[in-house]
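Let me begin by presenting the structure, written as structure tokens, before commenting on it.
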Amino acid sequence: MCFRGCAKCLGYSLIPLAVCCIVANILLYFPNGETKYANDNNLTNFVWFFHGIVGAGVLMFLPAAVFIRLEHDNCAGCCGNVACGERCAMLSSVLVALIGLAGSGYCFIISALALQEGPYCMTGTTWEYPFANGNGGYLKDHNLWASCLEPAHVVEWNVILFSILLTLSGVQVIICAVQIINGLIGGICGPCCCGQEYSMKA
């Protein structure tokens, strides 16, 4: 019960994180709330990887649902043995946590790459990535941001939203990693650690 209660808390914490990632990714398509840049495909290529919508967003609802249901799931027992069934449920949650780890890790990597490359913007007469070869140096030198003329404030827009995605997906990575450890311990020695509970059920 102790391990499944921990998994339930982790599952509930994934839901608001996933929703925030979806919203942040959607906002990247509309700098300053304008739709014309998406229509003209004048956005950084990284927004089309759907890393916040799919990777750290929709995909994360699967592990969240599984973690939450673990408290009441015992895989229908195992040869009539409730303790064995609960072990099976905890071990199966590890596989789902790995899926969540892959999705959040994908979002984390894409967000980091997007921050390093910088936004796609008009610098004069052409659209380009003015900070692409600077290894993210523009993040420290705000004076360089003025080189992006259109969309207005696109550097701030991208930095804030990609930073949010980077942070939230990083938290998701930690949560899924914790559940992998929790699931393994709970599946292997759960009845030993919570032996009093099982003896009371018997």
Side-chain angles (χ1 to χ4, degrees), residues 7 10-68 93-122 127-140 144-145 148 150-181 183:
L10 295 175
Y12 277 121
S13 64
L14 283 176
I15 295 175
L17 292 173
V19 172
C20 290
C21 284
I22 292 173
V23 172
N25 197 161
I26 291 175
L27 287 175
L28 282 168
Y29 293 101
F30 309 107
N32 304 316
E34 299 181 64
T35 61
K36 64 178 182 178
Y37 301 109
N39 293 333
D40 297 337
N41 197 24
N42 287 327
L43 300 172
T44 173
N45 288 330
F46 286 108
V47 303
W48 303 109
F49 283 70
F50 304 107
H51 55 294
I53 295 175
V54 178
V58 176
L59 187 63
M60 299 308 295
F61 289 116
L62 173 61
V66 172
F67 298 167
I68 292 170
S93 74
V94 173
L95 297 177
V96 181
L98 287 172
I99 295 175
L101 190 66
S104 55
Y106 169 69
C107 181
F108 185 89
I109 292 171
I110 295 299
S111 298
L113 291 174
L115 283 171
Q116 182 181 28
E117 184 174 67
Y120 182 68
C121 61
M122 178 177 284
W127 288 84
E128 60 180 328
Y129 292 94
F131 315 122
N133 298 320
N135 293 319
Y138 77 98
L139 293 171
K140 298 179 181 179
L144 296 175
W145 296 10
C148 275
E150 190 181 353
H153 309 295
V154 68
V155 182
E156 295 94 324
W157 189 268
N158 275 26
V159 168
I160 291 173
L161 292 176
F162 277 118
S163 294
I164 289 174
L165 286 168
L166 183 76
T167 303
L168 296 183
S169 60
V171 174
Q172 290 175 335
V173 167
I174 294 172
I175 290 174
C176 290
V178 168
Q179 178 51 30
I180 290 173
I181 298 171

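Just so you know, these numbers come straight off a predicted model, no measurement behind them.
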With rounding to the nearest 0.5 Å, note down the distance linking [atom1] in [X] to [atom2] in [Y].
| X | Y | atom1 | atom2 | result |
| --- | --- | --- | --- | --- |
| Ile160 | Asn158 | CD1 | CG | 10.0 Å |
| Ser169 | Ile174 | OG | CD1 | 10.0 Å |
| Thr167 | Leu17 | OG1 | CG | 11.0 Å |
| Thr44 | Phe162 | OG1 | CZ | 5.5 Å |

**Report entry** Residues that Tyr37 engages under side-chain hydrogen bond (donor to acceptor under 3.5 Å, both in side chains), provided they are two or more places apart
**Finding:**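 Only Glu150 meet the side-chain hydrogen bond (donor to acceptor under 3.5 Å, both in side chains) criterion with Tyr37.
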
Where the side chain of [X] meets the backbone of [Y], is there a donor-acceptor pair that is under 3.5 Å apart?
| X | Y | value |
| --- | --- | --- |
| Tyr106 | His51 | no |
| Asn32 | His153 | no |
| Ser13 | Leu10 | yes |
| Gln172 | Ala56 | yes |

Requested in this report: Please step through side chain to side chain contact (heavy atoms under 4.5 Å, CB included) for the pair Trp48 and Leu28, ending with a clear verdict.
Outcome: CA-CA 10 Å; Trp48 303 109; Leu28 282 168; over 6 Å; no

Query raised in the report: Would one find more than 12 heavy atoms of other residues, nucleotides or ligands at under 6.0 Å from atom CG of Asn133?
Result: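 Counting other residues, nucleotides and ligands, CG of Asn133 stays at 12 neighbours or fewer.
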
Requested in this report: Indicate, with yes or no, whether the SG-to-SG separation of Cys121 and Cys148 is under 2.5 Å.
Outcome: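 Judged by the SG atoms alone, which are under 2.5 Å apart, Cys148 and Cys121 are bridged.
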
Query raised in the report: Can you say whether the rings of Tyr138 and Phe131 are parallel (under 30°), tilted (30 to 60°) or perpendicular (over 60°)?
Result: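 Ring orientation of Tyr138 relative to Phe131: parallel.
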
